[in-house]
Amino acid sequence: MLKNDDYLVNLDEINPSFARPQRFISLGALMLFLNAGISWVLATLAAPEIQFSRNPLAIISSLLMLLSVVLGLIPMIFKWDWRVQYFGICSLYLASASLPGVTPWLCLVFYSRIPLLARIVLFSAFVLSIYWWCRRFVVYYRKVMSNAAYREKIYCEHESAVHYLQKNDAWLINKKCKFRQAPHVGVFLLAIIAAISIAPIMGKVSLFSGLPFQYLFTAIWFFPFILLFLGISVRGCLIYYYYPREVRKKNRERDIY
């Protein structure tokens, strides 16, 4: 585990050049662009008879693509440094990885012929599952940050700044507290088996839902990945934004790197 005294302040020297925020975050914007593009294709093909101006999912996907272009330019223009609020943008990129799985669920809600009550029940279960999974991260970090010794291992105080120590954070998660960040492998297998099991009746499924079979297939097998990506994104929001704000209040508004 990284000791506080061994931590070097000059982050440009101890990190590879490609990992510098102005480069890494700009490249990461490509991930958001691609995932939003996939979402746009899915939203458009799910309801080809609906004009773009009346397709909310396609509009949102297009706005995310535009946002990715802006986010790709801003770090280079303003030369972002190693402060944690800049790295927090990566949480948005990682959350976008869930779009190829979330969009089919939204298409089932907006564009399918499944009875309304069934759609409400299915989507409510979907949302509640995501809420339960993401809340685990909130509860975990609330417990960790309430422990002064753990908190100091994650956010190390120096004279001029405070440093977030990722290695110590990972040690607490994986070794000390053994907190699971990804669904159990059995959940992934179950999702794949469930998706494959409906393949023999894909024609009936498409007729019943009013959507191409691939939408329901993807909604099922991709579900554990949605939990994985959104859960880690919530973790990023906590360690890069929420708790740094609390730490700054107690450390005379010093920057956190």
May I ask you to test the [X]-[Y] pair for a side-chain heavy-atom distance under 4.5 Å?
X: S129; Y: F223; result: yes
X: N174; Y: Q181; result: yes
X: I130; Y: L227; result: yes
X: L122; Y: L108; result: no
X: I196; Y: I192; result: yes

Only counting residues at least two apart or in another chain, list the ones meeting ring-ring contact (aromatic ring centres under 6.0 Å, His included) with Y240.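 Per chain and number, Y240 pairs via ring-ring contact (aromatic ring centres under 6.0 Å, His included) with Y164.
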Run the ring-ring contact (aromatic ring centres under 6.0 Å, His included) test against Y140 and tell me which residues pass, sequence neighbours left out.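 For Y140 the ring-ring contact (aromatic ring centres under 6.0 Å, His included) partners, ignoring immediate neighbours, are F179.
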With sequence neighbours left out, what residues match [X] under side chain to side chain contact (heavy atoms under 4.5 Å, CB included)?
X: Q85; result: R83, Y241, R248
X: F208; result: I114, P115
X: S233; result: L94, A95
X: A191; result: P224

Working note: V138 + L238, criterion side chain to side chain contact (heavy atoms under 4.5 Å, CB included); need CA distance, chi angles, decisive distance, verdict. CA-CA 8 Å; V138 176; L238 292 171; 4.3 Å; yes
Would you call the rings of F137 and W133 parallel, tilted or perpendicular if under 30° counts as parallel and over 60° as perpendicular?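 The arrangement is perpendicular - the two ring planes meet at more than 60°.
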Just say parallel, tilted or perpendicular for the rings of Y243 and Y141, cut-offs at 30° and 60°.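 If you compare the ring of Y243 with that of Y141, the planes turn out tilted.
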Set of salt bridge (Lys or Arg N to Asp or Glu O under 4.0 Å) partners for R235, sequence neighbours left out: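 R235 satisfies salt bridge (Lys or Arg N to Asp or Glu O under 4.0 Å) with D169 once adjacent residues are dropped.
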According to salt bridge (charged side-chain N to carboxylate O under 4.0 Å, His left out), does anything in residues 113-131 pair up with another residue at least two apart or in another chain? List the pairs.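 Residue pairs passing salt bridge (charged side-chain N to carboxylate O under 4.0 Å, His left out), neighbours aside: none found.
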Residues 38-54 side chain polar contacts: donor-acceptor under 3.5 Å, at least two apart:
residue: S39; atom: OG; partner: S61; partner atom: OG; Å: 2.8
residue: S39; atom: OG; partner: T103; partner atom: OG1; Å: 2.7
residue: T44; atom: OG1; partner: W40; partner atom: O; Å: 2.8

Which heavy atom in Y155 sits nearest to a heavy atom in I239, and how many Å separate them?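 Result for this residue pair: OH-O, 2.6 Å.
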On a heavy-atom basis, which atom in A97 and which in P100 lie closest, and how many Å separate them?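 Shortest heavy-atom contact: O-CD, 3.3 Å.
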Donor-acceptor check, side chain of S68 to backbone of L32, threshold 3.5 angstrom: yes or no?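 Flag not set: sc S68 to bb L32 has no pair under 3.5 Å.
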Please confirm whether the backbone N or O of G186 pairs with a side-chain atom of H184, one donor and one acceptor, at under 3.5 Å?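 Flag set: sc H184 to bb G186 pair under 3.5 Å.
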Begin from the C-alpha positions of E157 and H163 and carry the test side chain to side chain contact (heavy atoms under 4.5 Å, CB included) through to its verdict. CA-CA 6 Å; E157 297 183 25; H163 291 98; over 6 Å; no
Taking only distance into account, with no hydrogens and no angle test, what donor-acceptor pairs under 3.5 Å do side-chain atoms of residues 197-205 form with protein atoms, sequence neighbours excluded?
residue: S197; atom: OG; partner: I193; partner atom: O; Å: 3.4
residue: S197; atom: OG; partner: A194; partner atom: O; Å: 2.6

Return the CD1 to CG distance between I74 and L67, rounded to the nearest 0.5 Å.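 Here the interatomic distance stands at 8.0 Å.
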From S112 atom OG to L216 atom CG, the distance as rounded to the nearest 0.5 Å: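 So the OG of S112 and the CG of L216 are separated by 9.5 Å.
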Sequence neighbours left out, what pairs pass side-chain hydrogen bond (donor to acceptor under 3.5 Å, both in side chains) with at least one residue falling in residues 209-225?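 Qualifying pairs, neighbours excluded: none.
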Verdict with reasoning, K176 to Y150, per side chain to side chain contact (heavy atoms under 4.5 Å, CB included): CA-CA 10 Å; K176 183 66 177 180; Y150 290 168; 2.9 Å; yes
Decide side chain to side chain contact (heavy atoms under 4.5 Å, CB included) for C107 and L211; before the verdict, give the C-alpha distance in whole Å, the side-chain angles of both, and the deciding distance to 0.1 Å. CA-CA 8 Å; C107 288; L211 293 173; 4.2 Å; yes
Can you tell me which residue pairs pass the ring pair (Phe, Tyr, Trp, His ring centres under 6.0 Å) test with a partner in residues 88-125, sequence neighbours excluded?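 Passing the test, one end in residues 88-125: W105-F126, F123-F126.
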Could you tell me whether F217 atom CZ has more than 12 heavy atoms of other residues or ligands within 6.0 Å of it?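 Result for CZ/F217: enclosed.
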